[in-house]
Amino acid sequence: MFSDTKNTNRPVKALVLTGSGINCEAEMAAACRLAGAHADIVHLSRIFSGEVSIHDYDLLNLPGGFSFGDDLGSAKVLANKFKVRKMASGSLFLNEIRQFLNDGKYIIGVCNGFQALVKMGLLPNTGEKFEQEATLTFNDSGKFEDRWIKCKVHPDNPSPFLRDIDTIDLPVRHGEGKLIFKNEDIRRAVIEKKLNVLAYADNEGRITDQYPFNPNGSELNCAGLCDPGGQIFGLMPHPEAFLTAYNHPDWNYRKKTGHLKDEKGEGLQIFVNIVGRVTCEA
């Protein structure tokens, strides 16, 4: 009921991965469906066995959760599995992802999914070699942050996921959300290529490194990254947790003061944007 996309002969197809501790797959699939896509939730084992192919889809979704219990650092085991696991065909799963991207398709990773994208080298990928250039580690606060924050979208960024978004309220739910770049060269490249697409902001929408507005102490106040081609987008906050206006803790106040324009949640726009982009390209 919320879709802004046009009807086409073939719906946009979204693949939502699950298994091994991922636990936000239902919300992610709901986001894709409300945005107008057909979404399938598929266990990782079915992907690796070749029973389901990522190439049958337009959008690959890596949801949040606690993959492999975060025992070796958030999403590190999952990232390694994605990099070195061979498919039933004998091809590395990473090579399948390379082909998926070469075909002009899109990937989004949220929270644990973002951590996996960073640790397997897909983000920020300034050198375009799929080598790890950053990591996500323990929040400066030393605790798990579970609350709502505001983010600011950097203008002129290459990400179609963030079209027509200026600021956005989203919940964070993480203990290891502090983004650190490998060295100053990579940090500079991220700035020059405008890959730091989403930043933590204060209540007035001003980018800040101050706690509690910045919940983890990330370099560049980064809440989300994209790759140089704009096909991959990852972020720590959860857009799939803000699909209707009534998800927001201040929805009643917003309604009474006239700030509740419709029933859409702000996070839904990210999925509407990418489904619309795929639809236009089909």
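Every value quoted in this text rests on a predicted model; they were computed, and no experiment measured them.
In this structure, the side chain of Asn139 engages the main chain of Gly177 through a donor-acceptor pair within 3.5 Å. Between the Arg33 side chain and the Ala39 main chain, a donor and an acceptor come within less than 3.5 Å of each other. Although no hydrogens or angles enter the test, the distance criterion places a donor-acceptor pair under 3.5 Å between the side chain of Asn125 and the main chain of Lys129. For Asp209 (side chain) and Asn221 (main-chain N/O), no donor-acceptor pair under 3.5 Å exists by modelled atom type. Judged by distance alone, the side chain of Asn196 and the main-chain N or O of Ile191 form no donor-acceptor pair under 3.5 Å. A donor-acceptor contact shorter than 3.5 Å is absent between the side chain of Ser91 and the backbone of Met87. Formation of a donor-acceptor pair under 3.5 Å by the Glu263 side chain with backbone atoms of Thr244 is not found in this model.
Following chains of ILVMFWY side-chain contacts shorter than 4.5 Å, one can reach Tyr106 starting from Val153, so the two form part of one hydrophobic cluster. Val172 and Leu117 fall within the same hydrophobic cluster, where Ile, Leu, Val, Met, Phe, Trp and Tyr residues are linked whenever their side-chain heavy atoms come under 4.5 Å apart, directly or through other members. Under the 4.5 Å side-chain heavy-atom criterion for Ile, Leu, Val, Met, Phe, Trp and Tyr, Phe242 and Phe271 are members of the same hydrophobic cluster. Residues Leu15 and Leu34 do not share a hydrophobic cluster, defined by chaining ILVMFWY side chains whose heavy atoms lie under 4.5 Å apart. Hydrophobic clustering (side-chain heavy atoms under 4.5 Å, transitive across Ile, Leu, Val, Met, Phe, Trp, Tyr) groups Phe48 together with Met120.
Interatomic distance, Ile186 CD1 to Glu133 CD, rounded to the nearest 0.5 Å: 4.0 Å. Note that CG of Asp40 and CG of Leu17 are 11.0 Å apart. Values are rounded to the nearest 0.5 Å. Rounded to the nearest 0.5 Å, atoms CG (Leu220) and CG (Leu179) are 7.5 Å apart. To the nearest 0.5 angstrom, Trp148 atom CH2 is 7.0 Å from Asp169 atom CG. Leu162 CG to Gln269 CD: the interatomic distance, rounded to the nearest 0.5 Å, is 10.0 Å. The structure places NZ of Lys81 at 14.5 Å from CG of Leu94, a figure rounded to the nearest 0.5 Å.
Residues His248 and Arg254 bring a donor and an acceptor atom of their side chains to less than 3.5 Å of each other. A donor-acceptor pair shorter than 3.5 Å cannot be found between the side chains of Asp156 and His154. Counting only N and O atoms by type, the side chains of Asn112 and Ser67 include a donor and acceptor under 3.5 Å apart.
A salt bridge does not link Asp250 with Lys256: none of the charged nitrogens is closer than 4.0 Å to a carboxylate oxygen. By the 4.0 Å N-to-carboxylate-O rule, Arg147 lies close enough to Glu145 to be salt-bridged with it. Under a 4.0 Å N-O distance rule, the pair Lys13/Asp56 does not qualify as a salt bridge. Salt bridge status for Arg206 with Glu204: present, with a side-chain N to carboxylate O gap under 4.0 Å. At a threshold of 4.0 Å, the pair Lys152-Asp166 counts as salt-bridged, since one of the basic side-chain nitrogens sits closer than that to a carboxylate oxygen.
Listed here is the closest heavy atom pair of Ser20 and His43: N-NE2, 4.4 Å. Closest non-hydrogen pair, Gly234 versus Leu123, comes out as N-CD1, 3.6 Å. In terms of heavy-atom proximity, Cys24 sits nearest to Arg173 at SG-NH1, 4.4 Å. Nearest heavy-atom pair across Gly65 and Asp70 is O-OD2, 4.5 Å. Across all non-hydrogen atoms, the minimal contact from Tyr200 to Cys222 is CE1-O, 3.2 Å. In this structure, Lys119 and Ser74 approach most closely via the heavy-atom pair NZ-O, 2.6 Å.
By the 4.5 Å heavy-atom criterion applied to side chains, Phe233 and Pro160 are not counted as neighbours. Residues Phe100 and His55 have side chains in contact (heavy-atom distance under 4.5 Å, counting atoms from C-beta outward). When side chains are defined from C-beta on, Val278 does not count as touching Leu59, because their heavy atoms never get closer than 4.5 Å. Under the 4.5 Å side-chain criterion, counting only non-hydrogen atoms from C-beta, Cys226 is in contact with Pro158. The shortest distance between side-chain heavy atoms of Leu195 and Thr126 falls below 4.5 Å. Residues Asp71 and Val77 have side chains not in contact (no heavy-atom distance under 4.5 Å, counting atoms from C-beta outward). Residues Pro63 and Glu27 are not in side-chain contact: their nearest non-hydrogen atoms beyond the backbone lie 4.5 Å or more apart. With contacts defined as side-chain heavy-atom distances shorter than 4.5 Å, the pair Val52/Tyr57 qualifies.
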Are Asn216 and Asp140 close enough, and set up right, to give a side-chain contact (heavy atoms from CB on, under 4.5 Å), and what steps lead you there? CA-CA 5 Å; Asn216 48 49; Asp140 280 353; over 6 Å; no
Determine whether Thr18 and Leu44 satisfy the following criterion, side-chain contact (heavy atoms from CB on, under 4.5 Å), listing intermediate values before the conclusion. CA-CA 6 Å; Thr18 191; Leu44 286 168; over 6 Å; no
Give the intermediate values and the outcome of side-chain contact (heavy atoms from CB on, under 4.5 Å) for residues Leu92 and Ile97. CA-CA 9 Å; Leu92 286 174; Ile97 291 179; over 6 Å; no
List the steps and the verdict of side-chain contact (heavy atoms from CB on, under 4.5 Å) for Phe114 and Leu136. CA-CA 9 Å; Phe114 177 37; Leu136 288 135; 4.1 Å; yes
Can you check salt bridge (Lys or Arg N to Asp or Glu O under 4.0 Å) on Asp103 and Arg98, steps first, answer last? CA-CA 9 Å; Asp103 290 339; Arg98 288 178 190 267; over 6 Å; no
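Here side-chain hydrogen bond (donor to acceptor under 3.5 Å, both in side chains) pairs that include residues 227-243, with residues two or more places apart or in two chains, are His238-Glu240.
When the side-chain hydrogen bond (donor to acceptor under 3.5 Å, both in side chains) test is applied to Lys105, no partner is found at least two apart in sequence or on another chain. Considering only residues two or more places apart in sequence or on other chains, Arg187 meets the side-chain hydrogen bond (donor to acceptor under 3.5 Å, both in side chains) condition with Glu219.
Ring-plane geometry between Tyr246 and Trp251 is classed as perpendicular, the angle between the planes exceeding 60 degrees on a 0 to 90 degree scale with a lower cut at 30.
Within the 6.0 Å centre-distance limit, the rings of Phe93 and Phe82 are counted as a close aromatic pair.
Shown here is Phe138, whose CZ atom has no more than 12 heavy atoms of other residues, nucleotides or ligands within 6.0 Å.
Checking Leu170, Leu62, Leu235 one by one against Val110, the side chain to side chain contact (heavy atoms under 4.5 Å, CB included) holds for a single residue, Leu235.
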